[in-house]
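Here is the structure we will look at, set down as structure tokens.
Values in this document were obtained by computation on a predicted structure and should not be read as measured data. Counting starts at 1 for both ligands and their atoms, in listed order.
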Amino acid sequence: MSETEMKTPPPLPEKLVEVRGLHRAFDKVHAVQDLSFEIHRGQVVGFIGANGAGKTTTMRIMATLDSPSSGSVLVGGEDVMQHPERVRRLIGWMPDSFGTYSYMTVFEYLDFFARAYGFKAKERAERVSEVMDFADLTPLAERPMNKLSKGMGQRLCFGRMLLPDPEFMILDEPAAGLDPKARMEFKNLVRILAQRGKTLFISSHILSELGEMCDTLLFIDAGKIVYHGGADQLRRGDGNGADGNAQIVVDVAVAGDPASLALWTAMNPGWKLLEQKRDGARLALAASDPADLAAGLRKMILDGVQVIEFHREERKLEDAFVEMIKKIQ
Ligand code: ATP
């Protein structure tokens, strides 16, 4: 690939990825069943599901490494089956495990792959150096691959994926086994790539790992999509998933005589006394739409209840996920 080609990629469609009716069976195991979703340019999508849910199978097909039993995947408008070589120019793939070559150092490994990607001479040295800086691999340049920790190995694999500066990055469990510090650093790298307009598709079986990193979540269970929406929507319970009609709950701290507050709560339908304090109480209101919520809060103020603080109660992502799975079973 020449320098000019790399610097002026062809315009990409807004819908960068289109998965339609994807199905993949291994003998009697239906790993992925009728999967359909879209990923828009610049999105950071978390692909979440338990072990064996079908994440790797889906990602391998998107990365042109496996063929669907039926259905299709388009990346950048190109079909992964019909034009895998065109798709490969757009994607970066970070597998959940990769082979190590004990005789190679970090630098040699990246240099080898940069050569394979067609970088030549000065351009190759520059690209390897940029990637090493970005993924914080420069201090490890001379370290043999078999002397890397799990986190360092993940960073090297990440660096390898970045070499051709792909538009769409598919990362299979990139944060698995990372300690909290390494996970924070990884999150930071994802944030920078997102700011540069890259599109990322990241899998994990640990929801909280992806909640903060991704703007969109895609849950897969037994080969089927069970939720596709924002992390915030899911915490609030107003996503488009199986619990799309969930209620909004506000938690309100109020001051005043606890007995009068208990009486007020009993006389106002919808309100619940969460906690009585020496000089006040905590009340909750569950409403199915924002207008009811606004009316409830207004009534409270008009009745002279002294509101000190209120916040919308957010569910933990894990709880939201478990609730949703229960509802669809
Ligand atoms: P994990 O989080 O454990 O990596 P996953 O969500 O990535 O799981 P997949 O690896 O896609 O799940 O597997 C989905 C199902 O397909 C599983 O039941 C698995 O055993 C099966 N499967 C995957 N690859 C093959 C294969 N090559 N041959 C037979 N069965 C397979």
Please list, in number order, the atoms of ligand 1 under 4.0 Å from a heavy atom of [X].
| X | answer |
| --- | --- |
| A31 | 14 (C), 15 (C), 16 (O) |
| A53 | 5 (P), 6 (O), 12 (O) |
| N51 | 1 (P), 2 (O), 3 (O), 8 (O) |

With a 4.0 Å cut-off on heavy atoms, is [X] touching ligand 1?
| X | result |
| --- | --- |
| G54 | yes |
| E173 | yes |
| G223 | no |

Distance to 0.1 Å, residue and atom name: give those for the protein heavy atom nearest to [atom].
| atom | result |
| --- | --- |
| atom 13 (O) of ligand 1 | T57 OG1, 3.8 Å |
| atom 17 (C) of ligand 1 | G52 O, 3.8 Å |
| atom 31 (C) of ligand 1 | F26 CD1, 3.3 Å |
| atom 2 (O) of ligand 1 | K55 NZ, 2.8 Å |
| atom 18 (O) of ligand 1 | V29 CG1, 3.7 Å |

Under 4.0 Å between a Lys/Arg side-chain N and an Asp/Glu carboxylate O for [X] and [Y]?
| X | Y | answer |
| --- | --- | --- |
| E18 | R20 | yes |
| K55 | D172 | no |
| E185 | K181 | yes |

Parallel, tilted or perpendicular for H23 and H30, by the 30°/60° rule?
perpendicular
Going by the closest heavy atom to atom 4 (O) of ligand 1, which one wins out of T56, I220, D66?
T56
Quick one: are the ring centres of F37 and F201 less than 6.0 Å apart?
yes
Between F186 and F158, is the ring centre distance below 6.0 Å?
yes
Do T57 and R24 pair up side chain to side chain, a donor and an acceptor below 3.5 Å, judged on atom types alone?
no
At under 4.0 Å between heavy atoms, is it the side chain or the backbone of A50 that contacts ligand 1, or both, or neither?
backbone
Quick one: CG on D279 to CD on Q306, what's the gap to the nearest 0.5 Å?
10.0 Å
Can you confirm whether something in the protein, heavy atoms only, sits under 4.0 Å from atom 28 (N) of ligand 1?
yes
Identify the two heavy atoms, one from W93 and one from M161, that lie closest to each other, and give their separation to 0.1 Å.
N-CG, 3.5 Å
